[in-house]
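To find a chain, count down the sequence lines: A is the first, B the second, and so on, and within it residues start at 1.
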Number of protein chains: 2
Amino acid sequence: MATGRTHRPATRSRGIPEATVARLPLYLRALTALSERSVPTVSSEELAAAAGVNSAKLRKDFSYLGSYGTRGVGYDVEYLVYQISRELGLTQDWPVVIVGIGNLGAALAGYGGFASRGFRVAALIDADPAMTGKPVAGIPVQHTDDLEKIIKDNGVSIGVIATPAGVAQQVCDRLVAAGVTSILNFAPTVLSVPDGVDVRKVDLSIELQILAFHEQRKAGEETPLETAAGDGALPATAPRGATGEDSADQGPDGDVPAVMPA
Amino acid sequence: MATGRTHRPATRSRGIPEATVARLPLYLRALTALSERSVPTVSSEELAAAAGVNSAKLRKDFSYLGSYGTRGVGYDVEYLVYQISRELGLTQDWPVVIVGIGNLGAALAGYGGFASRGFRVAALIDADPAMTGKPVAGIPVQHTDDLEKIIKDNGVSIGVIATPAGVAQQVCDRLVAAGVTSILNFAPTVLSVPDGVDVRKVDLSIELQILAFHEQRKAGEETPLETAAGDGALPATAPRGATGEDSADQGPDGDVPAVMPA
DNA sequence: TCTTGTGAAAGTGTTCACAGCT
DNA sequence: AGCTGTGAACACTTTCACAAGA
């Protein structure tokens, strides 16, 4: 268990469930769209549809924030936008640094959604001296050497890592040492951070693999295809090198080990 | 989320829990690293540390796949790599199309992690005629007009949407009509799709907002301070009661890192 | 001995269904 | 009548702790 880290006793506080927090931005986006169309009120049913969730879940989510609706009527759009924004901390300005200005970092720097809701790209940082001073999305790239100073001067508490995997941990360590307490990690690696620092990750490759899993299931679905008895199959015992394996197997491989043998 | 309702025949078991599926790519990555270092076996404890989860969870996850370990010893690295790859459907080739070759789409096209595990960028598609024929990451961009033909000719079942939000739904509809059954959506909008089509989304802005929420909590120990006093934008009809009583929070909240199913 | 595999307990999240307010 | 807010039921996930097996 590596670090002590005895998990939290779950301070039963007045905390909002994590799953709810993860959906608030979704609601906010839907509400913002309604607001722009000057829609004054919305029912849980309508809003849920716009956000792609079901209405009971939405009502339950909102109930953690307080009683912001009006029975028989619905929710006041402007009012909810404000309450959710406040709950998410979007009524304040969040300076963000992006470290690693490759293709992805550059794309992130130029991403509109970034600037929109209270987030401001305070600096772009890259280790390549050739990049230093070069403007990307209108912001001049600064060198990694100045990372600590940049963080401190700008009061940055949120960092985005878009570096190659190999240097992500050390970049992370420096960010944390300099005072960053929230990290959005695009590098395909596990970051370890001290308690009190939040890390969220976005990994393309993982998302695709999850899709592939389901895709594969779909293809093999119609055919019940009994793995049939008799097989106990697969070296239930000693695994052996499967590296090269005869490949071959590509098809609807009917023998998902699945489920408990015994 | 797409596949809400009519789900599996519910014929007991055989199903791997979604939370487990979402972690398999993580294990696979850690195992691949071990494999490259020619490590022959690994214990649940070691592997769990490398993947950033706890060992009980990992063992439980693996138990859904079958009994691939050896008690008193651990897991054979190569063997596990093979089994997980097969389970995820990575032993086959998945042609993928990316639609919307702006900054982000171009970055995705060049992203190494894409090509690595069985995923092959079969085509890049963009609506801008000026882009047509231009090579991005070595692949010539094709025009949206040919979308259906491209999907069919390449047997594509996974599509990546990196277009502006405004056109994402129509691109999605065309992909689905042409035969795509899994979509990775980078556009900040909710896509609606027929049953049987999976959608996963990656949304920068949402991730940042979730971080901001926790960040705010960390800082909030002193004054909840409502600057809202003169807000003015709030509708007079707004429900009352709002802000009286938050604060309170004291839980140091040392939360979990990473991972969040969609 | 050591480590896996797994029932059972605990914790989280979702859905139901209806009481209560407008 | 209509719609929110919520207890209670259900479903899923994580963690515990130990028996089984190498």
Side-chain angles (χ1 to χ4, degrees), chain A residues 1 5-13 15-24 27 41-49 51-76 79-80 83 235-239 257-262, chain B residues 1 4-5 7-8 10 12-13 15-24 27 41-49 51-76 79-80 83 237-241 255-262:
Chain A
M1 54 199 45
R5 193 250 181 58
T6 325
H7 54 77
R8 299 286 144 200
T11 328
R12 48 80 95 72
S13 63
I16 298 175
E18 192 56 33
T20 294
V21 172
R23 282 187 294 266
L24 292 181
Y27 301 143
T41 63
V42 65
S43 69
S44 63
E45 200 71 53
E46 296 165 323
L47 183 54
V53 304
N54 81 43
S55 64
K57 194 187 288 183
L58 177 144
R59 287 199 303 277
K60 185 65 116 180
D61 284 341
F62 285 179
S63 78
Y64 294 115
L65 307 183
S67 286
Y68 295 153
T70 305
R71 293 171 201 236
V73 178
Y75 300 93
D76 183 284
Y79 187 68
L80 246 194
Q83 290 299 344
T237 56
V259 207
M260 42 184 333
Chain B
M1 222 142 330
R5 338 208 46 194
H7 228 346
R8 301 296 158 225
R12 72 156 204 168
S13 52
I16 298 175
E18 193 56 33
T20 294
V21 171
R23 280 185 297 264
L24 291 180
Y27 301 143
T41 62
V42 66
S43 70
S44 64
E45 201 70 53
E46 296 165 324
L47 184 53
V53 303
N54 81 42
S55 63
K57 194 187 287 184
L58 177 145
R59 288 200 301 280
K60 185 65 115 182
D61 283 342
F62 285 0
S63 79
Y64 294 115
L65 308 183
S67 286
Y68 294 151
T70 305
R71 290 170 202 241
V73 178
Y75 300 92
D76 182 281
Y79 188 68
L80 247 195
Q83 291 299 345
T237 58
R240 32 118 41 290
D255 259 14
V256 257
V259 169
M260 199 78 207

Query raised in the report: Reckon A/N54 has a side-chain N or O less than 4.0 Å from the OP1 or OP2 of C/dT15?
Result: yes
Requested in this report: Please test A/D76 against A/T70 for side-chain contact (heavy atoms from CB on, under 4.5 Å), starting from the C-alpha separation and ending with a verdict.
Outcome: CA-CA 8 Å; A/D76 183 284; A/T70 305; over 6 Å; no
Query raised in the report: Hey, what do you get for CG (B/N54) to OG (B/S44), rounding to the nearest 0.5 Å?
Result: 9.5 Å
**Report entry** Below 4.0 Å: OP1/OP2 of D/dC3 and any side-chain N or O of A/S44
**Finding:** no
Requested in this report: Drop me the distance from A/F62's CZ to A/R23's CZ, to the nearest 0.5 angstrom.
Outcome: 10.5 Å
Report task. Would you mind reading off the distance between A/I16 atom CD1 and C/dT12 atom P, rounded to a whole angstrom? Result -> 15 Å
Produce the list of close N/O pairs, under 3.5 Å, pairing protein atoms with atoms of nucleotides 6-10 of chain D; give distances to one decimal.
{"unit_1": "D/dG7", "atom_1": "N7", "unit_2": "A/K60", "atom_2": "NZ", "d": "3.2"}

Query - Euclidean distance, B/Y75 OH relative to B/L80 CG, rounded to 0.5 Å - result: 7.0 Å
**Report entry** Euclidean distance, atom CG of residue A/L47 to atom C1' of D/dT4 [Å, nearest integer]
**Finding:** 13 Å
Query - 5′-ward residue of the pair A/E45/B/P17 relative to DNA chain D - result: A/E45
Query raised in the report: Between D/dG5 and A/Y75, is there an OP1 or OP2 to side-chain N/O distance shorter than 4.0 Å?
Result: yes
Query raised in the report: Atom CZ of A/F62 and atom C1' of D/dT4: how far apart are they, to the nearest Å?
Result: 12 Å
Report task. For A/E18 and C/dT14, give me the distance from atom CD to atom C1', rounded to whole Å. Result -> 16 Å
Query - Distance, rounded to the nearest Å, where A/Q83 contributes CD and D/dT4 contributes P - result: 17 Å
Query - From CG (A/L24) to CG (A/D61), nearest 0.5 Å - result: 6.5 Å
Query raised in the report: To the nearest Å, how far apart are A/K57 NZ and C/dT12 P?
Result: 18 Å
Query raised in the report: In whole Å, what is the span from the CG atom of B/L58 to the C1' atom of D/dC16?
Result: 16 Å
Query - Comparing B/V42 and A/G72 on DNA chain C - which has the more 5′ nearest nucleotide - result: B/V42
Report task. Taking only the side-chain heavy atoms of A/A19 (C-beta and beyond), determine which of D/dT14, C/dT14, D/dA22 contains the nearest atom. Result -> C/dT14
Query raised in the report: Hey, what do you get for OG1 (A/T41) to CD (A/E46), rounding to the nearest 0.5 Å?
Result: 7.5 Å
Report summary line: Heavy-atom closest pair (A/Q83 atom, A/Y68 atom, distance to 0.1 Å) is OE1-OH, 3.2 Å
